[in-house]
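Throughout, a chain's letter reflects where its sequence line sits, starting with A, and its residues are numbered from 1. Both backbone and side-chain heavy atoms feed into the values below; hydrogens, waters and symmetry mates do not.
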There are 2 protein chains.
Amino acid sequence: MGRQPEPHKRAELLEKAVDYVLEHGLQGLSLRPLAQALGTNARMLIYHFGSKEKLVTEVLEAAQARQRALLGELGGEATDPYAALEAFWRWFSSPRLAPFARLLYEVEVGAMQGQLEYQGFARRAIHGWIGFVLQSLPGSTPAQASLIVGTLAGLLLDGLITGEWERVNGAFGGFLEVLRAGSRG
Amino acid sequence: MGRQPEPHKRAELLEKAVDYVLEHGLQGLSLRPLAQALGTNARMLIYHFGSKEKLVTEVLEAAQARQRALLGELGGEATDPYAALEAFWRWFSSPRLAPFARLLYEVEVGAMQGQLEYQGFARRAIHGWIGFVLQSLPGSTPAQASLIVGTLAGLLLDGLITGEWERVNGAFGGFLEVLRAGSRG
DNA sequence: TCGAATATGTAACATCTGTTACATGTAACT
DNA sequence: AGTTACATGTAACAGATGTTACATATTCGA
């Protein structure tokens, strides 16, 4: 008895919060501006999510789920592993994916600085991408997959900061070249 | 006339502030805890440096200078470029250099999120490292240097977060291998 | 010894932070 | 109607933030 719960309200707030965090980042995130952008107030955010920390945790997981859904755009029609890698790079370095990458880097830096709530998330993300490369490129080793993920992460960071995509894309092209030549040697 | 300025006081505070920021990061940096760790109070930090923002700027530049001084440890006794690259990796991934790397990632993430005071610093750092690789490896192109810097940055980030240095070092070893094989092919 | 300039300490200011107490509204069931 | 449980708004709380006003020391030169 009593009034029925309305879980869709909470879900809508969460999705809008993901939008906001993808745009503004986690760094200076504050409940009151966030709530105002969501058409509510800080009181309701605490009511629905318990605390700011729990809200951030849910936002991170929801953002990750959203990115995984976008991963479906990467059809498996690649002919060879190098074409698959190039498609993956083009997908990940596209402007639409940039907010997700920025958010992940933010979490990773937080993890590096010892924030425990980010450490598990960051490690899982790294292992997840390495696992994705491992299964996308049959026959690859963990060392090779770690190299690929690390290189792409480093180049993407460069591009997101400098915006010098010709240079960064050239570097990625060089990476593909040495990978090809290395497999022949 | 009047009392003489004592610039060494300011310089000592700055060096201690660099120590503190290298250990605690920029993220939650606050004047009062910083000042207490330095044996002074927030009032004096503002007095000497004008504002928190200016203090941070000076700390970043001083930290960069300190890292450049450590770069002198890298003697040029490497026989071939690959040995030089390996020495550079071992130097940069050593625990003593980790605080500098963490600080740079923190600045880079701030730059990505649009904090103007970090953008110039991060871009200069990236271009600086690429220039360093370019002049350390004669005959290398900007694309190759960008690839090397990006890869090392990505792998270092992985190692600093996961601590799985066997895997990360293995990935770097694989990078050296494909570079060698690529140059032969 | 006086004036002048730098150094320092205390305390306040206004503002922002996450969180909560309290009141009230709203929908459902008896 | 009355009870129960969820939803929401206002306002406050305690604490932290960067910065500043004010007072006072300290050290120099005349």
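Atom CZ in Phe49(B) sits roughly 12 Å away from atom P in dT8(C) (whole-Å rounding). Straight-line distance from the CD atom of Glu6(A) to the P atom of dG25(C): 17 Å, rounded to whole Å. Note: CD (Gln27(B)) to C1' (dT17(C)) measures 15 Å, nearest angstrom. Atom NZ of Lys9(B) is separated from atom P of dT6(C) by 15 Å (rounded to the nearest Å). Between Leu29(A) atom CG and dT19(C) atom P there is a gap of 12 Å when expressed in whole angstrom units. A straight line from CD of Gln36(A) to C1' of dG9(D) spans 15 Å, rounded to a whole angstrom. Between Leu34(A) atom CG and dT19(C) atom P there is a gap of 13 Å when expressed in whole angstrom units. Computed from coordinates, the Leu38(A) CG to dT8(D) C1' distance equals 15 Å when rounded to whole Å.
For Met44(A), the side-chain atoms get nearest to dG9(D) when compared with the rest of dT19(D), dA7(C), dG9(D). In this structure, the nucleotide among dC22(D), dG18(D), dT10(D) sitting nearest to the side chain of Arg43(B) is dC22(D). For Arg3(A), whose side chain is taken as the heavy atoms from C-beta onward, the closest listed nucleotide among dC6(D), dT19(C), dT8(C) is dC6(D). Proximity note for Asn41(B) (side chain, C-beta onward) versus dT17(D), dT26(D), dT10(C): the nearest is dT10(C). When distances run from any side-chain atom of Gln4(B) to the nucleotides dT8(D), dC28(D), dT19(C), the shortest one goes to dC28(D). Side-chain atoms of Pro5(B) lie closest to dT6(C) of the nucleotides dT19(D), dT6(C), dT20(C). Side-chain atoms of Ile46(A) lie closest to dT20(C) of the nucleotides dT17(C), dT20(C), dA7(D).
Side chain to side chain, Arg123(B) and Thr162(A) fail the donor-acceptor criterion of an N or O pair below 3.5 Å.
Residue Ser30(B) has a polar side-chain atom (N or O) positioned under 4.0 Å from OP1 or OP2 of dG18(D). For His48(A) and dA7(D), the shortest distance from a side-chain N or O to OP1 or OP2 is not below 4.0 Å. Checking the phosphate oxygens (OP1, OP2) of dA7(C), a side-chain nitrogen or oxygen of Tyr47(B) falls inside 4.0 Å.
Position along DNA chain D of the nearest nucleotide to Gly2(B) versus Leu31(B) favours Leu31(B) as the more 5'-ward residue.
Using modelled atom types, one side-chain atom of Thr57(B) and one backbone atom of Glu53(B) make a donor-acceptor pair closer than 3.5 Å. The backbone N or O of Gly39(A) lies less than 3.5 Å from no partner atom in the side chain of Lys16(A), so there is not a single donor-acceptor pair.
Hydrophobic cluster membership is shared by Leu157(A) and Val133(B), with clusters built from Ile, Leu, Val, Met, Phe, Trp and Tyr side chains linked at under 4.5 angstrom.
Looking at Asp19(A) and Arg66(A), a side-chain N of the basic residue comes within less than 4.0 Å of a carboxylate O on the acidic one, giving a salt bridge.
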